[in-house]
**Student:** 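Take this structure, written in structure tokens, and hold onto it; I'll ask about it next.
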Amino acid sequence: MKPSIPKGTRDFSPEEMVRRNFILQTIRTVYERYGFRQIETPAMENLSMLEGKYGEEGDKLLFRILNSGEVIDEIKAKKDNIRLSDISEKGLRYDLTVPFARYVVMHRNEITFPFRRYQMQPVWRADRPQKGRYREFYQCDADVIGSDSLLNETELVQIIADVFSKLNIGVSIKINNRKILSGIAEIIGEADKIIDITVAIDKLDKIGIDKVNEELKGKGVSDDAITKMQPLFSVKGTTDDRLNFLDNFLSASETGKKGIEEVRTLLSYLHSMSFKSDLIELDITLARGLNYYTGAIFEVKVSDARSTFTSSVLGGGRYDDLTGIFGLPDVSGVGISFGIDRIYDVMLEMNLFEQMHLNESSTKILLVNFGKKEEQYALTVLQKLRAAGVNSEIYPDAAKMKKQMSYADACKIPYVLLIGDEEMQSGKLTLKNMMSGEQNRLDVEELIKKLH
RNA sequence: GUGAAUGUAGCUCAGUUGGUUAGAGCAUCAGAUUGUGGUUCUGAGGGUCGUGGGUUCGAGCCCCAUCUUUCACCCCA
């Protein structure tokens, strides 16, 4: 039997986990600094909770779990009365936002609103794996639900900046507003085609104006509407310039004006909190996650000379009525989601992990095992070290010194303690620093003091 | 779901127009060295060449299928 793992999934070595945990811990610390509280939800949800929430594409990418029991035999017995639910009624979660909405509705009476929650768990998508795209990956979400205030958007943007600054990754935070996109569709007289329109203009950077126009035409957008849109594609200048342009372009759309107003408010909040304005950029072609966003839309791309990574490392936005489908209407929420697997890939590419020399081993000291008699003595020392809060381990076999030293070396354990006859008699133990090679004779108290 | 590339030891890769018993470096293990690792020297183990079929006297090499990984599209963290 040849061992294998499913397509798009990965094992993580101890070295990789140290690095992944560093990223996770950085995000967690920032989330908690801003008052977010952690929850977890099950890896699987009932399919009825997931289906239809992510659009047609999303439904195809759901992992469905085969029902337990003799499913095949039971289905055969049913002949033509087979229902989909006879085969599968559970699926793996596709993101953390929909399960969160479900959580909020189920626990509405225990939750104090506005609820600031964070969640860091794996999600699964049956996508074709490629660079930066996995079938099992972690999302790290923070959402505020039960508040319309744009202060929430402001704080989320600050969180984004804090995290990437701590990780030492240069990024560009792109913002947009669904209301601006709605306004555009309205102004050009194609309000019902908003999805097709935004999907097409989202590709502007990638495929160029001509191809975008071609795609719009293919989707049945009128020539007149396409002509009206052209000025949008050539907007240049600062965020203020763009907003001024939109003031004019969307002057006949109440929704559009509301969107501009929201963007201005967010920017002014950020300004008064002395946020570095060159990090953030209004991008009217940004149209992600359109299925449920209703206000702000966020996306972060790496913008760092040391990285070639082009996919987004964070997405987010506001959804006014996500819980409505679960029976709790009019609850507004806004959230963001870090993709730590991509962040890991970026940091690896930028050699950031090497520069920050993370502790590769949590063990601080290895006690060398010389034999039965010495082992007894070492055990009491080990006990004292651990009681004093020093991460310690003893080599379990009385193997050759070379082997034990090599073990410490390979595991990057910084100190080794030698306890032989001499040490037992004098009570002065030999401490070796594996980095410098230098050795000292210390009693247990001195040892604990030194390692603390 | 569409299109393309890839796969030889744990890892990175050689392998001639199809021709005997498939090689190297690194890693691993053992020894040189019975209380000293990271450098050195010596030796050893490890491959049904991704898998299954086919062509051939003969296949790591050619053909077909399938899986993995990678890249692009779609979509997305």
Side-chain angles (χ1 to χ4, degrees), chain A residues 1-11 13 23 27 54-62 93-97 120-141 160 171 195 198-200 202-203 206-207 211 215 286-291 298-302 308-317 335-346 366 368-371 374 395 398-424 429-439:
Chain A
M1 168 79 68
K2 214 174 190 173
S4 68
I5 56 175
K7 182 198 284 212
T9 65
R10 296 149 305 151
D11 288 325
S13 66
I23 299 171
I27 295 171
Y54 307 104
E56 226 175 287
E57 282 299 317
D59 273 4
K60 284 190 214 152
L61 301 182
L62 285 177
R93 76 164 99 75
Y94 179 90
D95 72 357
L96 301 179
T97 307
M120 310 199 293
Q121 288 188 275
V123 304
W124 293 268
R125 296 182 186 177
D127 219 337
R128 271 230 193 149
Q130 51 177 281
K131 189 184 178 72
R133 179 172 303 187
Y134 307 101
R135 287 186 147 186
E136 178 183 60
F137 62 97
Y138 266 71
Q139 287 194 333
C140 301
D141 280 34
I160 294 169
V171 293
I195 304 253
T198 50
V199 166
D202 189 38
K203 295 178 192 162
K206 225 171 175 178
I207 64 178
K211 294 259 183 184
E215 180 162 334
L286 174 61
R288 315 218 120 213
L290 210 69
N291 286 305
F298 305 119
E299 179 180 82
V300 172
K301 287 199 169 175
V302 177
T308 59
F309 221 78
T310 53
S311 0
S312 62
V313 289
L314 176 142
I336 53 171
S337 180
F338 287 88
I340 73 141
D341 301 83
R342 287 180 177 179
I343 292 173
Y344 182 99
D345 291 344
V346 169
L366 173 78
V368 172
N369 189 328
F370 279 97
E374 295 89 341
Y395 198 88
K400 284 184 180 156
M401 257 285 231
K402 181 187 167 77
K403 192 170 167 71
Q404 301 193 42
M405 296 300 279
S406 303
Y407 172 85
D409 194 45
C411 296
K412 303 218 162 67
I413 297 172
Y415 292 98
V416 165
L417 191 65
L418 306 174
I419 307 172
D421 276 335
E422 249 180 78
E423 285 85 354
M424 288 194 293
L429 314 177
T430 301
L431 177 72
K432 172 160 181 154
N433 179 326
M434 293 297 278
M435 276 281 272
S436 63
E438 124 193 58
Q439 300 195 170

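Each chain gets a letter, A, B and so on, in the order its sequence line appears, and its residues count up from 1.
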**Student:** May I ask you to decide if A:Met435's main-chain N or O and A:Asn433's side chain share a donor-acceptor pair within less than 3.5 Å?
**Tutor:**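 Flag set: sc A:Asn433 to bb A:Met435 pair under 3.5 Å.
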**Student:** Is any side-chain nitrogen or oxygen of A:Lys203 closer than 4.0 Å to OP1 or OP2 of B:C74?
**Tutor:**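 Affirmative; the distance criterion is met.
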**Student:** Begin with the C-alpha distance, continue with both residues' side-chain angles, and end with the deciding distance and a verdict on side chain to side chain contact (heavy atoms under 4.5 Å, CB included) for A:Val300 and A:Phe298.
**Tutor:** CA-CA 7 Å; A:Val300 172; A:Phe298 305 119; over 6 Å; no
**Student:** Does A:Lys60 put a side-chain nitrogen or oxygen below 4.0 Å from OP1 or OP2 of B:C75?
**Tutor:**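 Negative; the distance criterion is not met.
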**Student:** For the C1' atoms, the ones on B:C75 and on B:G38, what distance do you get once it is rounded to whole angstrom?
**Tutor:**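 Between the two C1' atoms, the distance is 48 Å.
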**Student:** Please convert RNA chain B into dot-bracket. A pair counts if it is Watson-Crick or G-U wobble with both distances under 3.5 Å; crossing pairs go in [ ] and bases paired with another strand get |.
**Tutor:** (((((.(..((((.....[...)))).(((((.......))))).....(((((..]....)))))).)))))....
**Student:** Is the phosphate of B:G38, meaning OP1 or OP2, less than 4.0 Å from a side-chain N or O of A:Lys412?
**Tutor:**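 A:Lys412 to B:G38 OP1/OP2: no side-chain N or O under 4.0 Å.
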**Student:** A:Asp127 or A:Met405: which one's nearest nucleotide on RNA chain B is closer to the 5' end?
**Tutor:**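 Final value for this comparison: A:Met405.
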**Student:** Please state the P separation for the pair B:U16 and B:C76 - nearest whole angstrom.
**Tutor:**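 Nearest-Å result for B:U16 against B:C76 at atom P: 47 Å.
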**Student:** Please measure how far the P atom in B:C26 lies from the corresponding atom in B:C41, and state the result in whole Å.
**Tutor:**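 The same atom, P, in both gives a distance of 9 Å.
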**Student:** Measuring only the C1' atom in each nucleotide, how far is B:C11 from B:A27? A whole number of Å is fine.
**Tutor:**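 It works out to 7 Å between them.
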**Student:** Is A:Arg93 close to A:Trp124 at the side-chain level, that is, under 4.5 Å between some pair of heavy atoms?
**Tutor:**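 They are in contact (side-chain heavy atoms under 4.5 Å apart), so the answer is yes.
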**Student:** For A:Arg135, which residues count as a salt bridge (charged side-chain N to carboxylate O under 4.0 Å, His left out) partner, sequence neighbours excluded?
**Tutor:**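 A:Arg135 satisfies salt bridge (charged side-chain N to carboxylate O under 4.0 Å, His left out) with no other residue.
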**Student:** Answer with yes or no whether A:Arg125 presents, from its side chain, a donor or acceptor under 3.5 Å of a partner atom in the base of B:C76.
**Tutor:**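 No.
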**Student:** Taking only nitrogen or oxygen atoms into account, show me every contact under 3.5 Å that the protein makes with nucleotides 66-69 of chain B, one pair per line with its distance.
**Tutor:**
unit_1, atom_1, unit_2, atom_2, d
B:U68, OP2, A:Lys7, NZ, 3.3
B:U69, OP1, A:Gly8, N, 3.0

**Student:** In terms of side-chain heavy atoms of A:Lys403, which of B:C71, B:A30, B:A77 is nearest?
**Tutor:**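 Among B:C71, B:A30, B:A77, the one nearest the side chain of A:Lys403 is B:A30.
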**Student:** Check salt bridge (charged side-chain N to carboxylate O under 4.0 Å, His left out) between A:Glu215 and all other residues, then give those that pass, not counting sequence neighbours.
**Tutor:**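 Testing A:Glu215 for salt bridge (charged side-chain N to carboxylate O under 4.0 Å, His left out), a comparison that skips the adjacent residues, returns A:Lys203.
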**Student:** Rounded to whole Å, please give me the gap between CZ in A:Phe298 and P in B:A77.
**Tutor:**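 Taking atom P of B:A77 as the reference, CZ of A:Phe298 is at 14 Å.
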**Student:** From B:A30, B:C75, B:U36, pick the nucleotide closest to the side chain of A:Val199?
**Tutor:**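 Of all the options, the side chain of A:Val199 is nearest to B:C75.
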**Student:** Answer with base, sugar-phosphate or nothing: what part of the nucleic acid does A:Glu374 contact at a heavy-atom distance below 4.0 Å?
**Tutor:**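 Contact class for A:Glu374: none.
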**Student:** Ignoring hydrogens and geometry beyond distance, is the side chain of A:Lys432 in donor-acceptor contact with the base of B:G37 at under 3.5 Å?
**Tutor:**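 Answer yes: a donor N or O sits under 3.5 Å from an acceptor.
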**Student:** Can A:Arg125 and A:Tyr134 be said to form a side chain to side chain contact (heavy atoms under 4.5 Å, CB included), step by step?
**Tutor:** CA-CA 8 Å; A:Arg125 296 182 186 177; A:Tyr134 307 101; over 6 Å; no
**Student:** Once each nucleotide of nucleotides 39-50 of chain B is scored for protein heavy atoms under 4.0 Å, what B/S/- sequence comes out, 5' to 3'?
**Tutor:** -----------S
**Student:** Using the C1' atom as the point on both nucleotides, what is the distance between B:U68 and B:C49, in whole Å?
**Tutor:**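 That atom pair is separated by 16 Å.
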**Student:** Contact list please: residues 413-421 of chain A against RNA chain B, heavy atoms, distance less than 4.0 Å, in numerical order.
**Tutor:**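 When residues 413-421 of chain A is checked for heavy atoms under 4.0 Å from RNA chain B, the hits, listed by number, are A:Leu418, A:Gly420, A:Asp421.
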**Student:** Which part of the nucleic acid, if any, lies within contact of A:Glu422, taking any heavy atom under 4.0 Å across all strands shown: a base, the sugar-phosphate backbone alone, or nothing?
**Tutor:**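 Base, at least one base heavy atom under 4.0 Å.
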**Student:** Roughly, in whole Å, what's the span from CD in A:Glu215 to C1' in B:C73?
**Tutor:**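 Distance check: A:Glu215 CD to B:C73 C1' gives 12 Å.
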**Student:** How would nucleotides 3-8 of chain B be written as a contact map, 5' to 3', with B for base contact, S for sugar-phosphate-only contact and - for no contact, using protein heavy atoms under 4.0 Å?
**Tutor:** B-----
**Student:** Heavy atoms only, 4.0 Å cut-off, all strands: where does A:Tyr138 land among base, sugar-phosphate and nothing?
**Tutor:**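 Nothing, no heavy atom under 4.0 Å.
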**Student:** Is there a side chain to side chain contact (heavy atoms under 4.5 Å, CB included) between A:Lys131 and A:Phe309? Walk through the geometry before answering.
**Tutor:** CA-CA 9 Å; A:Lys131 189 184 178 72; A:Phe309 221 78; 4.2 Å; yes
**Student:** Please give the distance between the P atoms of B:U55 and B:C61 as a whole number of Å.
**Tutor:**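 Straight-line distance between the two P atoms is 15 Å.
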**Student:** Please state whether the base of B:G37 and the side chain of A:Asp409 form at least one donor-acceptor pair under 3.5 Å?
**Tutor:**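 Yes, the side chain and the base share a sub-3.5 Å donor-acceptor pair.
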**Student:** Where the side chain of A:Asn369 meets the backbone of A:Tyr395, is there a donor-acceptor pair that is under 3.5 Å apart?
**Tutor:**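 Present.
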**Student:** Specify the residues of residues 336-344 of chain A, ordered by number, for which at least one heavy atom lies under 4.0 angstrom from an atom of RNA chain B.
**Tutor:**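 The answer is A:Gly339, A:Arg342.
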**Student:** Excluding sequence neighbours, so at least two apart, what forms salt bridge (charged side-chain N to carboxylate O under 4.0 Å, His left out) with A:Glu299?
**Tutor:**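 Partners of A:Glu299 by the salt bridge (charged side-chain N to carboxylate O under 4.0 Å, His left out) criterion, ordered by chain and then number, come out as A:Arg288.
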**Student:** In sequence, state the C-alpha distance, the side-chain angles, and the governing distance for A:Met405 and A:Val416, and then conclude on side chain to side chain contact (heavy atoms under 4.5 Å, CB included).
**Tutor:** CA-CA 8 Å; A:Met405 296 300 279; A:Val416 165; 4.0 Å; yes
**Student:** Could you list all the salt bridge (charged side-chain N to carboxylate O under 4.0 Å, His left out) pairs where at least one residue sits in residues 415-424 of chain A, not counting sequence neighbours?
**Tutor:**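 Qualifying pairs, neighbours excluded: A:Lys373-A:Asp421, A:Glu422-A:Arg441.
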**Student:** Check the phosphate of B:A72 against A:Gln130, side-chain N and O only, distance under 4.0 Å to OP1 or OP2. Yes or no?
**Tutor:**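 Yes, within the criterion.
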**Student:** Classify A:Gly55 by what it touches in the nucleic acid, base, sugar-phosphate, or nothing, heavy-atom distance under 4.0 Å.
**Tutor:**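 The answer is nothing, as A:Gly55 stays clear of every strand by at least 4.0 Å.
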**Student:** Over all heavy atoms of both residues, which pair between A:Leu418 and A:Gln439 is shortest? Give the atoms and the distance, please.
**Tutor:**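 The pair with the smallest heavy-atom distance is CD1-OE1, 4.4 Å.
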**Student:** With rounding to the closest Å, how many angstrom separate the C1' atoms on B:G60 and B:G45?
**Tutor:**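 Approximately 23 Å lies between the C1' atom of B:G60 and that of B:G45.
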**Student:** Distance between the C1' atoms of B:G10 and B:C73, in whole angstroms?
**Tutor:**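 Approximately 35 Å lies between the C1' atom of B:G10 and that of B:C73.
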**Student:** In terms of ring plane angle, is the pair A:Tyr94 and A:Tyr54 parallel, tilted or perpendicular, where the classes change at 30° and 60°?
**Tutor:**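 The arrangement is tilted - the two ring planes meet at 30° to 60°.
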**Student:** Contact class for A:Thr430 vs. all strands (heavy atom < 4.0 Å): base, sugar-phosphate, or nothing?
**Tutor:**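 Base, at least one base atom sits under 4.0 Å.
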**Student:** Record whether the side chain of A:Gln439 comes under 3.5 Å of the base of B:G35 through a donor-acceptor pair of N or O atoms.
**Tutor:**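 Counting by modelled atom types and ignoring angles, no donor-acceptor contact under 3.5 Å is found here.
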**Student:** Taking all non-hydrogen atoms of both residues into account, name the closest pair between A:Met434 and A:Asp409 and its distance.
**Tutor:**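 Scanning both residues, the minimum pair turns out to be CE-N, 4.1 Å.
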**Student:** For A:Lys402, check salt bridge (charged side-chain N to carboxylate O under 4.0 Å, His left out) against everything at least two apart and list the hits.
**Tutor:**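 A:Lys402 satisfies salt bridge (charged side-chain N to carboxylate O under 4.0 Å, His left out) with no residue once adjacent residues are dropped.
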**Student:** So which atom in A:Thr97 and which in A:Asp95 form the shortest heavy-atom distance, rounded to 0.1 Å?
**Tutor:**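 Residues A:Thr97 and A:Asp95, closest heavy atoms: N-OD1, 3.3 Å.
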**Student:** Under 3.5 Å, sequence neighbours excluded: what are the donor-acceptor pairs made by side chains of residues 335-344 of chain A?
**Tutor:**
unit_1, atom_1, unit_2, atom_2, d
A:Ser337, OG, A:Asp141, OD1, 2.7
A:Asp341, OD1, A:Tyr138, N, 2.7
A:Asp341, OD2, A:Arg10, NH2, 2.6
A:Asp341, OD2, A:Arg20, NH1, 3.0
A:Arg342, NE, A:Gly132, O, 2.6
A:Arg342, NH1, A:Ser312, O, 2.9
A:Arg342, NH2, A:Gly132, O, 3.3

**Student:** Reckon A:Gln139 touches a base, only the sugar-phosphate, or nothing at all at heavy-atom distances under 4.0 Å?
**Tutor:**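 Sugar-phosphate: the residue A:Gln139, judged by heavy atoms under 4.0 Å, touches backbone atoms but no base.
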**Student:** Taking any heavy-atom pair under 4.0 Å as a contact, classify A:Gly437: base, sugar-phosphate, or nothing.
**Tutor:**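 The answer is base, as A:Gly437 lies within the cut-off (heavy atoms under 4.0 Å) of a base atom.
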